[in-house]
Amino acid sequence: MTALKQELEQLLHEALTRLAGTLLPAEVDLKSIVIERTRDAANGDFATNVAMRLAKASGLKPRDLAQAIVEALPQSPQVVRVEVAGAGFINFFIAGDAQAQVVRQIHELGDAFGRNASGADKKALVEFVSSNPTGPLHVGHGRHGAFGASVANLLAANGWQVHREYYINDAGRQMEILAASIWLRYLEDCGETFRFPANGYKGDYIREIAAELLQMAGDTLQRSAGEVFGNLPPDEPEGGDKDAYIDAVIARARQLLGEMAYRSVLDLGLKAILSDIENDLAEFGVTFDRWYSERSLADNGAIDRALQRLAQHNHVYEKDGALWFRATTFGDDKDRVVVRENGVKTYFASDIAYHLEKRERGFDLLLDILGSDHHGYVARVRAGLEAMGEPGEALEALLVQFVTLFRDGEKAQMSTRSGEFITLRELRNEVGNDACRFFYVMRGNDQHLDFDMTLAKSRTNDNPVYYIQYAHARVASVLRQLASKGHAYDANIGMANLGLLNTPHETALLTQLARYPEIILLAGTHRAPHTLVHYLRELANAFHTYYNAEQFIVEDDAMRNARLALVMATQQVVRNGLHLLGVSSPETM
RNA sequence: GCCCCGGUAGCUCAGUGGAUAGAGCACUCGCCUCCUAAGCGAGGGGUCGCAGGUUCAACUCCUGCCCGGGGCACCA
C-alpha cells in the first residue's frame with residue numbers, strides 16, 4: 001500500500017462518513033472502498049468504484065452518488081482534480097510533486113524499498129526441489145529451484161520469516177536400486193560381465209561413483225557374476241518383471257555383501273549425488289536452510305508420534321493386516337495405508353509425520369512446491385494434518401507444470417552429448433544463470449513452460465533479461481559519464497527539485513516506481529514471481545523511453561540533479577526486483 | 001469414471017468483478033555528428049474454447065459441455 005493510496009482511502013473514508021445517515025445508510029460498509037490505479041492516464045492516476053457499489057443502498061444513480069461523494073471529499077494538497085466518469089467511477093488526479101516524492105523514498109530506503117510488513121513475522125517453511133537423490137538435477141528441477149527461491153524471497157520481502165528446506169527422500173526402494181546399480185557398475189569395473197538390469201540406474205554418474213568405490217574398496221566387494229545372478233527370476237527383456245528382478249538383485253547384493261558393506265555402498269552413492277545436487281543449486285543461487293532427511297523421521301520417532309496422534313484421534317483402523325488412515329473423513333477420495341501388511345510404514349506415513357514435525361517447529365505456513373503430477377497427494381497430506389488436529393489450511397501446495405526446452409524452434413529434451421535428459425547444469429552452462437533464473441519464472445507456475453534456449457542465449461533486444469539488466473547498466477553508464485564530464489550528483493539539489501520532473505515520460509516513470517511496493521505485495525500474496533517479471537519489463541520500458549527522449553546530464557544544476565535522482569531511483573528498483581528473482585544487476589553490458 | 005491445470009492476437013503469454021482486453025516475438029515503416037541502437041517511436045492484427053446463469057458491470061464468479069496436459073498404489 002502506497003502512501004498516496006492510503007491518503008485517498010482516508011479522504012474517501014471521511015467523505016462516506018459525512019454522507020452516512022443522509023444519502024447513505026447510517027452503517028456504511030467501509031470495505032467497499034477499493035482504490036485502484038487506472039489503466040489509462042486519461043482517467044487520472046487512481047480510481048474508485050465505490051459509488052457503483054453503494055448505489056443500490058443509497059437509492060441514487062451511481063453517477064449522482066459519485067458526484068455527491070466528490071463534493072463531500074475534503075481538500076488535499078496531493079490531489080489536484082477529482083472527477084466523475086464512465087458508469088460512476090471517481091477519478092483522482094495526483095499532483096506532480098506528490099508523485100515525485102517516491103524518488104525521495106527510494107533513495108532513503110535503498111535496498112529495503114518495496115518491502116512491507118504484511119507477513120507480520122509469521123513463519124513460513126518453503127519446501128522445494130526435494131528431488132530424489134538418485135541422479136543429477138534436470139531442467140524441471142531447475143524450474144522448481146528458481147520458482148521456489150523467488151517465492152521464498154517474495155515472502156521474506158513481505159515480512160515473513162522464511163525457512164527454506166529440501167526434503168531428502170533417502171529412505172526408500174529407489175535408494176536400494178541406486179546402491180545395487182553402483183555395485184553392479186563396480187563389478188563391471190572389476191572385470192565381471194553380465195547384462196545390466198532393465199530397472200537399474202544407467203546414467204554415467206553411476207559409473208563415476210562406481211569408480212570411486214573401486215578406488216576406496218579395491219576388489220574387496222567383488223563377487224562373481226555367477227554368484228550375483230544365479231537363480232534370479234527373469235528380467236524384463238526375458239519376459240519377466242523388471243521390478244521383481246531388481247528387488248531380487250538388491251536382496252542378493254545385501255546377502256553377498258552383508259548389511260554393513262551394502263550400507264556403505266548406498267551411503268557413498270547418496271553422499272555423492274546429494275553433494276552434486278547441493279553444488280549445482282548453490283551455483284544457481286538456490287540455497288537451503290536445512291536439508292531434511294526422510295530417514296531421520298524414522299530415527300527420531302516422528303513417524304511413530306504421527307501414527308499415535310492419528311490413533312488418539314481415532315482415525316486409523318486395521319484391514320487386511322494393514323493399518324489404514326481414514327482419509328475419507330477429511331475429504332480424500334479413499335482411505336490410505338500407513339503401515340503395510342508386512343509391517344513397513346508407507347511413504348505417506350513419513351510424509352504426514354514430516355508435515356506434523358514442520359508444525360511442531362512452529363511454522364504457520366507450510367508451503368510445498370511440487371510437481372504437477374503430485375497434485376493428488378495434497379488432499380491426502382492435508383487430511384493427515386487435520387486428522388492430527390492441525391489446521392489443514394496451514395498446508396499450501398503450489399504445483400509447478402512441466403518445462404519443455406526448445407532450441408532453434410525444435411524440442412530439445414535430450415542432451416546431444418550424453419544422449420540423456422539435459423541436466424540443469426548443462427542448461428546453466430549453455431544459457432547462463434541469469435537467463436535461466438529469469439526464464440524459469442517468466443510464466444505462472446500452473447502454466448506449462450516453453451523454455452526457448454536460443455532466445456535465452458541471444459544477446460539481442462529480443463531477450464527480456466538483457467532488456468531489464470540493460471536499464472540498470474545504462475544508469476551506471478550515465479553515472480560514469482557524469483564523472484567524466486566533471487559533475488557529481490548532489491542529493492540535496494536533486495531532492496529539492498523533484499517537482500521539475502513533470503514531463504509525460506517522467507510522470508510515467510514515477511508511476512512505475514510507485515507501483516513497485518504494490519507489485520511486491522501482489523506477487524507475494526499470489527506467490528507469483530512472474531508478476532514481478534512483467535512489472536520489471538514495464539519499468540525498464542518506461543526508463544528506456546525516457547532515456548531516448550531526454551538528456552539527463554544537462555547544464556542546469558537543478559534539472560540535472562533531479563533527473564539523476566530519478567534514474568538512480570530507477571536503478572535501485574530494478575536492482576531490488578532482480579535481486580528477488582536471483583538475477584544479477586550488471587554495471588556494464 | 002473421479003480429481004487438478006490449461007484453452008485470450010500468426011506464435012509465447014499477462015490480465016486482484018470494472019472504463020476502448022494488453023505485452024513480447026514475428027511482419028511493415030521510421031529514429032544515432034547526442035549519457036551504450038542489448039535502445040526508442042508508429043502501424044496492422046481478437047466472436048477472450050462453446051452454451052447458459054449471477055451482477056449496475058464477467059476474460060475474471062457459478063453450472064454444463066468440448067479440446068489439450070497431468071494424476072488417481074500396501075512405489076517413492
Side-chain angles (χ1 to χ4, degrees), chain A residues 34 36 38-40 42-43 47-49 52-53 55-56 61-62 85-89 91 132 134 169 171-175 177 243 294 319-324 332-334 336-348 350-351 371-379 397 399 401-402 406 409 442-450 452 455 458-467 469-471 473-482 484-485 518 521-522 525-526 528 530-531 533-535 537-538 540-541 543-554 563-564 567 588-589:
Chain A
V34 175
E36 300 178 297
T38 56
R39 193 188 288 274
D40 187 341
N43 293 324
T48 180
N49 59 3
M52 291 181 282
R53 299 180 76 115
K56 191 171 257 180
K61 290 179 188 160
F89 290 100
N91 294 338
N132 283 344
T134 54
N169 296 125
R173 197 171 79 106
Q174 84 282 358
M175 294 311 301
I177 299 176
D243 283 307
E294 180 189 351
K319 193 182 88 178
D320 305 330
L323 189 68
W324 295 70
D332 196 4
D333 302 356
K334 49 187 89 166
R336 307 286 170 178
V337 172
V338 285
V339 182
R340 283 175 220 144
E341 196 177 358
N342 63 12
V344 177
K345 286 148 195 149
T346 59
Y347 178 80
F348 174 62
S350 31
D351 245 359
S372 57
D373 52 342
H374 282 65
H375 93 85
Y377 139 120
V378 179
L399 302 176
Q401 296 285 342
F402 296 142
F406 286 85
M442 268 196 321
R443 307 288 176 235
N445 59 288
D446 48 13
Q447 193 75 238
H448 286 262
L449 177 65
D450 288 346
D452 185 340
L455 177 61
S458 75
R459 314 250 148 189
T460 71
N461 51 2
D462 309 350
N463 191 333
V465 197
Y466 289 103
Y467 184 84
Q469 288 182 320
Y470 185 41
R474 262 187 156 173
V475 177
S477 172
V478 168
L479 297 177
R480 284 190 297 271
Q481 284 291 322
L482 182 73
S484 74
K485 288 183 180 177
E518 298 164 26
L521 181 60
L522 191 67
T525 309
H526 292 184
H530 75 274
T531 303
V533 169
H534 286 273
Y535 163 79
R537 215 213 150 270
E538 287 170 28
N541 177 246
F543 170 76
H544 288 310
T545 301
Y546 179 42
Y547 181 96
N548 260 263
E550 303 287 352
Q551 197 73 14
F552 308 148
I553 306 175
V554 291
R563 287 181 174 168
L564 288 171
V567 299
T588 60
M589 292 178 71

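Order of the sequence lines fixes the chain letters, A, B, ..., with proteins taken first and strands second; residue numbering starts at 1 for each chain. Both backbone and side-chain heavy atoms feed into the values below; hydrogens, waters and symmetry mates do not.
Checking B:G22 for Watson-Crick or G-U wobble geometry (two distances, each under 3.5 Å) identifies B:C13 as its partner. Across the strands present, B:G64 finds its partner in B:C50; the criterion is a Watson-Crick or G-U wobble pair with both atom distances under 3.5 angstrom. Using Watson-Crick or G-U wobble geometry with both donor-acceptor distances under 3.5 Å, B:U33 finds no partner in any strand shown.
Within 4.0 Å of A:T588, counting heavy atoms only, lies at least one base atom of the nucleic acid. Residue contacts shown for A:A322 include a base, since a base heavy atom lies under 4.0 Å away. At the heavy-atom level, A:G371 lies nowhere under 4.0 Å from the strands shown. Counting any heavy atom pair closer than 4.0 Å across all strands shown, A:A549 reaches no nucleic acid atom. Using a 4.0 Å heavy-atom criterion, one finds that A:N91 contacts the bases of the nucleic acid, with or without backbone contacts as well. Using a 4.0 Å heavy-atom criterion, one finds that A:K56 contacts the sugar-phosphate atoms exclusively.
The separation between A:M52 atom CE and B:A58 atom C1' is 14 Å, rounded to whole Å. Computed from coordinates, the A:F402 CZ to B:G6 P distance equals 15 Å when rounded to whole Å. Going from atom CG of A:D446 over to atom C1' of B:C13 covers 12 Å, rounded to whole Å. The distance between atom CD of A:E341 and atom P of B:C74, rounded to the nearest whole Å, is 12 Å. With rounding to whole Å, A:R563 atom CZ is found 16 Å from B:C35 atom P. For A:R443 and B:U12, the CZ to P distance is 10 Å, given to the nearest whole Å.
Here the nucleotide nearest the side chain of A:H374, chosen from B:A14, B:A19, B:A76, is B:A76. When distances run from any side-chain atom of A:V337 to the nucleotides B:C74, B:G24, B:C35, the shortest one goes to B:C74. When distances run from any side-chain atom of A:R173 to the nucleotides B:G18, B:G41, B:C75, the shortest one goes to B:C75. If you check B:G18, B:A76, B:C40 against the side chain of A:Y467, the one that comes closest is B:C40. Checking B:A19, B:C35, B:G70 against every side-chain atom of A:I553, the shortest atom distance belongs to B:C35. Residue A:Q481 has its side chain nearest to B:C35 when only B:C35, B:A73, B:A38 are considered. The side chain of A:R537 sits closest to B:G24 out of B:G24, B:C4, B:A76. Taking only side-chain atoms of A:H526, from C-beta outward, the nucleotide of B:C56, B:U16, B:G6 with the closest atom is B:U16. Among B:U55, B:C35, B:C40, the nucleotide with an atom closest to any side-chain atom of A:N541 is B:C40. For A:R39, the side-chain atoms get nearest to B:G22 when compared with the rest of B:G22, B:A73, B:C75.
Checking side-chain atoms of A:H544 against main-chain N and O of A:Y467 turns up a donor-acceptor pair under 3.5 Å. At distances below 3.5 Å, at least one donor-acceptor pair connects side-chain atoms of A:N445 with backbone N or O atoms of A:L399.
Side-chain contact between A:H448 and A:Q401 is present, with at least one heavy-atom pair separated by less than 4.5 Å. Using a 4.5 Å heavy-atom cutoff, the side chains of A:K485 and A:I553 are in contact.
Position along RNA chain B of the nearest nucleotide to A:W324 versus A:N43 favours A:N43 as the more 5'-ward residue.
An OP1 or OP2 oxygen of B:A37 is reached within less than 4.0 angstrom by a side-chain nitrogen or oxygen of A:R474. Distances shorter than 4.0 Å separate some side-chain N or O of A:R340 from OP1 or OP2 on B:A76. Between A:Q447 and the phosphate of B:A14, there is a side-chain N or O to OP1/OP2 separation shorter than 4.0 Å. When the side-chain nitrogen and oxygen atoms of A:H534 are compared with OP1 and OP2 of B:G24, none of them lie within a distance under 4.0 Å. When the side-chain nitrogen and oxygen atoms of A:T346 are compared with OP1 and OP2 of B:A73, none of them lie within a distance under 4.0 Å.
Residue-to-nucleotide contacts include no donor-acceptor pair under 3.5 Å from the side chain of A:D351 to the base of B:A76. A donor-acceptor contact under 3.5 angstrom links the side-chain atoms of A:H375 to the base of B:C3. The base of B:G70 does not come close enough to the side chain of A:D373 for any donor and acceptor atom to sit less than 3.5 Å apart.
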Original post:
Yes or no on side-chain contact (heavy atoms from CB on, under 4.5 Å) for A:F543 and A:V567, after CA distance, side-chain angles and deciding distance?
Top reply: CA-CA 8 Å; A:F543 170 76; A:V567 299; 3.8 Å; yes

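Ion pairing of A:R336 with A:D351 is absent here, as no side-chain N (NZ or NE/NH1/NH2) approaches a carboxylate O to less than 4.0 Å.
Ring centroids of A:F552 and A:Y547 are separated by less than 6.0 Å, placing the two rings close together.
B:U55 and B:G1: their P atoms are spaced 33 Å apart (whole Å).
Looking only at atom types and distance, the side chain of A:S350 has a donor-acceptor partner in the side chain of A:E294 under 3.5 Å away.
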